[in-house]
Colleague: 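Submitted below is the structure of interest, expressed as structure tokens.
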Amino acid sequence: PRLIDDEEGGVLFYSTSALSSSSSGYGFASVEKQRQRLPVYKYRTAILYLVETHATAIIVGETGSGKTTQIPQFLKEAGWAEGGRIIACTQPRRLAVQSVASRVAEEMGVKLGEEVGYTIRFEDVTNTDLTRIKFLTDGVLLREMMDDPLLSKYSVIMVDEAHERSLSTDILLGLLKKIQRRRPELRLIISSATIEAKKISSFFSPSKRRQALQTEDHGPNAEPAILSVEGRGFNVEIFYVEDPVPDYLQAAVSTVLSIHDQEAMGDILMFLTGQDDIDAAVQLLSEESRNGRNQGLIILPLYSGLPRADQDLVFSPTPRGKRKVVISTNIAETSLTLEGIVYVVDSGFSKQRFYNPITDIESLIVAPISKASARQRAGRAGRVRPGKCYRLYTEQYFLKEMSAEGIPEIQRSNLVSSVIQLKALGIDNILGFDWLASPSSEAMIRALEVLYSLGVLDSDAKLTSPDGFQVAEIPLDPMISKTILASNQYGCSEEVITIAALLSMQSIWISARGTEKELDEVKLRFAAAEGDHVTFLNVYKGFIQSNKSSKWCHKNFINYNAMKRALEVREQLRRIAQRLGIVLKSCEGDIQVVRKAITAGFFANACRLEPYSYNGTYKTVRTSQEVYIHPSSVLFRVNPKWVIYNSLVSTDRQYMRNVISIDPSWLREAAPHFYQHQQPKPIAH
Ligand code: ADP
Ligand code: MG
């Protein structure tokens, strides 16, 4: 094979023309045929050669070319999993981890959880002795470094979907670069659907001096190599709306109906932003049965948190004479490949995390996507034959206003979790960390401030013992981890762990358009005057008393699957808590101590009702931001004077989700340092 030197900085590009594919004689003929048809198959030898000879290989290839499902198998076939070693492949999304792992297990004809396994937070489907290929989220791999800083059980780590630039991916890449220096035998593969490759490649390119050292010990070439897999996507014709649409949901639904009316057979993929608008679209489309416009349509939602059986439907072949319409978050943009999509309907939006270090507010908001995302979305229509993409925005908007690329998540996130993890890994100089893209110093300072006030960091910004190390051990947001620690002193660890488990679900309620009123009424059965956290406890109690009945859940608009998962999470948290020496104890209905424990973790989210406020305006104590109680909260319209929220969502206003009332005197008790240099006003009131 011929390696070509790139003139721009010593980066190696691989010539793709003269490659031969190897013929391998593995069983499962039809699966093997399918595998051989994937574009990446032709590059099998080239990929294995690059991994053998280079410490870092960067592989760029269009979505659906087989990167995620095939490369780990190639590596295994080539012996990289021998001698007890493991091949890791990371994904930013949990659903993608589960989905590709089960696909690969199926292709290899093995039972998921044995030779091929996966790990996501709170769910480990691997076997210590058997698992050779392991899919996991980038966040879980970061956590594994706390026990095994050099990730020594892995021979190859494939960081997949690097173009997404998720928070954990960026941190992982920085840490892997450090590990590589200590473990020259480790191989990295960084794969991406778009050409972010140059930036990543120069990030991994060693300095001249180290390169000189490298040649002496005959190790792998330390210069990263880039290989680009040529896909064979078909042309996609793009359509724009002529005038901006007032409601993308309505527009998306009517676009689907007119495709179904007028266009040849072929499945439709609709990009919306989250479970709420996806459920709404499913409902709107289902309602079209009255006039028969949806006849022959199979309507399928796709978002994380969807039950397994529903996920599988998305991948099952479309029956003859039918048309699938998959309504998805941007998980189908590059993480998952659906066969048979010919039409794409692109709302132009996705849910994105935004963080403002000045106000210290992080929220998930529905925001316009970038041109790069829009192109990816359109590309999904050209997998099986020429396709069509309907953009629900104007061409003018696409050309003039859409940003070229998204901003890496690390530059729009609260860094509290990342900072504590880096600290736990012994990275003391956070500001001097080798970032792929530097977060703002304001964001870092905010994170250090919060961690200091939580008692997790000391005045030298070192992890405190034992609190800091314990908080770092719990795989939750540091505020909730701190709440669990505090519950030990207050004698309510059982309650707080239950709350933590329920809070880690997206939602435990079943909400659908048109049933909001019923849901509100049902909630009243569980509503607690203290707030949503205590309401969660009532729901949990009811669920246990019903003998974990799905019928009971259905009757009460409660998501049975979420409750079952919450129980598993709860068990794991109890085990972790016990390992940390927390005594599992119930406060037997003394809710005040639960609220105090929550205050000990979430004091930074305290808000006060504005005096003389007629419309429920609150202000955050820290930064005097205007916020409101979310209509889904049991405290909506109750408006206690002092509250603490779990998270904020932004729509037209900043809404507090999951709110509990507190006594302001607890704030100073919980965080004397934190409230000392604030205005005296909030405490005095
Ligand atoms: P890439 O990572 O390059 O985007 P993948 O390896 O994910 O590509 O996909 C390769 C092929 O495997 C695609 O044809 C895709 O449809 C198929 N595939 C992946 N996951 C599944 C699954 N869970 N069920 C069925 N087919 C799948
Ligand atoms: Mg992939």
Colleague: How about Thr137 and Gln91: does a side-chain donor come under 3.5 Å of a side-chain acceptor?
Modeller: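 No, no side-chain donor-acceptor pair sits under 3.5 Å.
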Colleague: Do Thr498 and Arg570 meet the criterion of a side-chain donor-acceptor pair at a distance under 3.5 Å?
Modeller: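 A donor-acceptor contact under 3.5 Å links the two side chains.
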Colleague: Does Arg412 qualify as a cation-pi partner of Tyr355, given the criterion of NZ or CZ under 6.0 Å from the six-membered ring centre and within 45 degrees of its axis?
Modeller: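 Not satisfied by the 6.0 Å and 45° rule.
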Colleague: Should the pair Arg93-Glu164 be classified as a salt bridge under the 4.0 Å nitrogen-to-oxygen rule?
Modeller: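 A salt bridge is present here (some side-chain N lies under 4.0 Å from a carboxylate O).
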Colleague: Between Ser166 and Asp138, is any side-chain donor less than 3.5 angstrom from a side-chain acceptor?
Modeller: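 Asp138 and Ser166 do have a side-chain donor-acceptor pair below 3.5 Å.
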Colleague: I'd like to know if the side chain of Ser650 pairs up with that of Gln654 as donor and acceptor (distance under 3.5 Å, no hydrogens or angles considered).
Modeller: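 Looking only at side-chain atoms, Gln654 and Ser650 do form a donor-acceptor pair, the distance falling under 3.5 Å.
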Colleague: Any luck finding a side-chain donor-acceptor pair between Tyr490 and Gln592 under 3.5 Å?
Modeller: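 Result is no, nothing qualifies.
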Colleague: Checking side-chain polar atoms at under 3.5 Å, does Glu626 have a donor or acceptor matched by the opposite partner on Tyr628?
Modeller: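 Yes, because at least one side-chain N or O of Glu626 sits under 3.5 Å from a partner of the opposite role on Tyr628.
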Colleague: Is a side-chain donor or acceptor of Thr599 paired with a backbone partner of Phe603 at a separation under 3.5 angstrom?
Modeller: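 Checking the backbone N and O of Phe603 against the side chain of Thr599, no donor-acceptor pair under 3.5 Å is found.
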Colleague: To check you understand the geometry: which heavy-atom pair defines the closest contact between Ala527 and Val634, and what is its length?
Modeller: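 In this case the closest contact between Ala527 and Val634 is CB-CG1, 3.8 Å.
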Colleague: Any carboxylate oxygen within less than 4.0 angstrom of a Lys/Arg side-chain nitrogen, looking at Arg565 and Glu568?
Modeller: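 Salt bridge: no.
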Colleague: Looking only at atom types and distance, does a side-chain atom of Ser549 sit under 3.5 Å from a main-chain N or O of Lys551, one as donor and one as acceptor?
Modeller: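 Yes.
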Colleague: Between Lys585 and Glu494, is there a side-chain N and carboxylate O pair less than 4.0 Å apart?
Modeller: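 A salt bridge is absent here (no side-chain N lies under 4.0 Å from a carboxylate O).
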Colleague: Using 30° and 60° as the class boundaries, would you call the ring planes of Phe543 and Trp552 parallel, tilted or perpendicular?
Modeller: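 Phe543 vs Trp552 ring planes: tilted.
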Colleague: Kindly say whether Thr359 contributes a backbone atom to a donor-acceptor pair with the side chain of Thr623 at under 3.5 angstrom?
Modeller: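 Such a contact is found between Thr623 side chain and Thr359 backbone.
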Colleague: Do you know which of Arg575, Arg143, Arg579 makes salt bridge (charged side-chain N to carboxylate O under 4.0 Å, His left out) with Glu473?
Modeller: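 Answer after filtering Arg575, Arg143, Arg579: Arg579.
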Colleague: Is the closest side-chain donor-acceptor distance between Arg525 and Asn556 under 3.5 Å?
Modeller: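 Result is yes, a qualifying pair exists.
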Colleague: With no hydrogens and no angle check, just 3.5 Å: does a side-chain donor-acceptor pair link Ser487 and Ser493?
Modeller: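 Side-chain D/A pair, Ser487 to Ser493: absent.
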Colleague: Run the salt bridge (Lys or Arg N to Asp or Glu O under 4.0 Å) test against Glu161 and tell me which residues pass, sequence neighbours left out.
Modeller: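 Per chain and number, Glu161 pairs via salt bridge (Lys or Arg N to Asp or Glu O under 4.0 Å) with no residue.
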Colleague: Checking side chain to side chain contact (heavy atoms under 4.5 Å, CB included) against His533, which of Leu503, Val594, Leu502 comes through?
Modeller: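 Per the side chain to side chain contact (heavy atoms under 4.5 Å, CB included) rule, the option paired with His533 is Leu503, out of Leu503, Val594, Leu502.
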